[in-house]
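What follows is one structure encoded as structure tokens, with my remarks underneath.
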Amino acid sequence: MTPDSVRPSRAAIAAAMVTVVLWASAFVGIRAAAPYFSPGSLALGRLLAGSAALLIFLAISRQGLPPRPAWPGIIISGVIWFGLYMVALNWGEELVDAGTAAMLVNVGPAVMALLAGWLLHEGFPPRLLAGIAVSFVGTVVVGFSMSGGGRTSILGVVLCLLAAVTYAGGVVAQKPALKHATALQATTFGCVIGAIACLPFAGQLVSDVAGAPWRITLSVVYLGVFPTAIAFTTWAYALARTTAGKMGSTTYAVPAVVVVMSWLVLGEVPGWLTLLGGALCLAGVAVSRSRPQTVSAPDPAAAR
């Protein structure tokens, strides 16, 4: 069976959809917390809340520690994805406008597909590459439509690209670990390791919590429980049941979902260019996850 023929179950598809929606909602929470929390303290607060929720889920399910072969992937993904990625993303979004950040961070799925094809031997299915190309064009269109009047710094661009690369690397590292550990185990200990990596920001977190309104602190808790604990677990569940390249392509739907959420929740009416970009993002995801049509061989008996 080739990587392109891997067809996830309905449960895996539903899990991926939950991840996309919750990750999209994270943009609202990050935007609300950013004026009161530094990038490092926001990442640590989010990871601590997520770790607490995940450890409770793990205790209830009685899954315990993952097997030894799973730990290398969990440690790598915990440090570079849960830890470094979140700090870089929070910091980068403070220095560049939202549209530019969306364009740069969404380089990640393309990098992920290339790394998975090379390191995980998933190959380079034409439909996957075509879908990524279409979705990336849609991301550029959304980013261009949202970047009017924003500012861009070289450091901000570098940080967003770093977030994209660490996101891709973390997923590729997590994929082999899921052969030995459950989705909950991989997510729980990846999140805990990320929190440990961010402990140098503990003093700043205490100071920020003391000065922030309670509703802002609750938004940080929301980021930890929903877009982190739940969404990363559903992501790992789906990733264990399909290729990393295809899972990466589903995250191109995030900008489109963010546009809809901003419209419904924040009253930010999108322009026609934003809607066009969102449609392209979704179309690319559909192409990347489609299966090539197979032509059955003719029956010799029927031919006779």
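The structure presented is a predicted model; accordingly, all values stated were derived computationally and were not measured. These numbers come from the heavy atoms of this one structure, side chains and all, not from hydrogens, waters or symmetry mates.
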Any [X] side-chain heavy atom under 4.5 Å of [Y] side chain:
X: M86; Y: P39; result: no
X: F37; Y: V220; result: yes
X: W235; Y: Q174; result: yes

* Parallel, tilted or perpendicular: ring planes of Y167 versus W81, cut at 30 and 60 degrees -> tilted
* Heavy-atom count around F226 CZ within 6.0 Å, excluding the residue itself: above 12? -> no
Taking the side chain from [X] and the backbone from [Y], do they hold a donor-acceptor pair closer than 3.5 Å?
X: T19; Y: A15; result: yes
X: W23; Y: A231; result: no
X: T228; Y: V225; result: no
X: R62; Y: L58; result: no

Which heavy-atom pair separates [X] from [Y] by the least distance, and what is that distance?
X: L44; Y: F201; result: CD2-C, 3.8 Å
X: S219; Y: A33; result: OG-CB, 4.0 Å
X: S38; Y: Q204; result: OG-CG, 3.2 Å
X: L22; Y: Y222; result: CD2-OH, 4.2 Å
X: A173; Y: S77; result: CB-N, 4.3 Å
X: Y36; Y: A212; result: CB-CB, 3.9 Å

* Start with the C-alpha gap between F57 and T233, add the side-chain angles, then the distance that decides, and say whether side-chain contact (heavy atoms from CB on, under 4.5 Å) holds. => CA-CA 11 Å; F57 296 154; T233 302; 6.0 Å; no
ILVMFWY network linking [X] to [Y], side-chain heavy atoms under 4.5 angstrom:
X: L84; Y: L48; value: no
X: L178; Y: F82; value: yes
X: I76; Y: V79; value: yes
X: V209; Y: I216; value: yes
X: L47; Y: L218; value: no

* Asked: Given the rule in the side-chain contact (heavy atoms from CB on, under 4.5 Å) test, do C160 and L89 qualify, once you have shown the distances and angles that lead to the verdict?
  -> CA-CA 6 Å; C160 288; L89 178 62; 5.6 Å; no
* Asked: Could you go step by step and tell me if L159 and N90 meet the side-chain contact (heavy atoms from CB on, under 4.5 Å) rule?
  -> CA-CA 9 Å; L159 287 168; N90 294 341; over 6 Å; no
Return a table of donor-acceptor pairs under 3.5 angstrom between the side chains of residues 184-196 and protein atoms on other chains or two or more places apart.
from	atom 1	to	atom 2	distance (Å)
Q185	OE1	T182	N	3.0
Q185	OE1	T182	OG1	3.4
Q185	NE2	Q63	O	3.0
Q185	NE2	G64	O	3.3
Q185	NE2	L65	O	3.4
T187	OG1	A183	O	2.8
T187	OG1	F232	O	3.3
T188	OG1	L184	O	2.7

* **Nearest-0.5 Å distance, OG of residue S25 to CG of residue L223** => 7.5 Å
* To do: With rounding to the nearest 0.5 Å, note down the distance linking CD1 in I75 to CD1 in I80.
  =>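 Going from the CD1 atom of I75 to the CD1 atom of I80 covers 12.5 Å.
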* Please test R46 against I30 for side-chain contact (heavy atoms from CB on, under 4.5 Å), starting from the C-alpha separation and ending with a verdict. => CA-CA 10 Å; R46 176 177 177 177; I30 291 174; 4.1 Å; yes
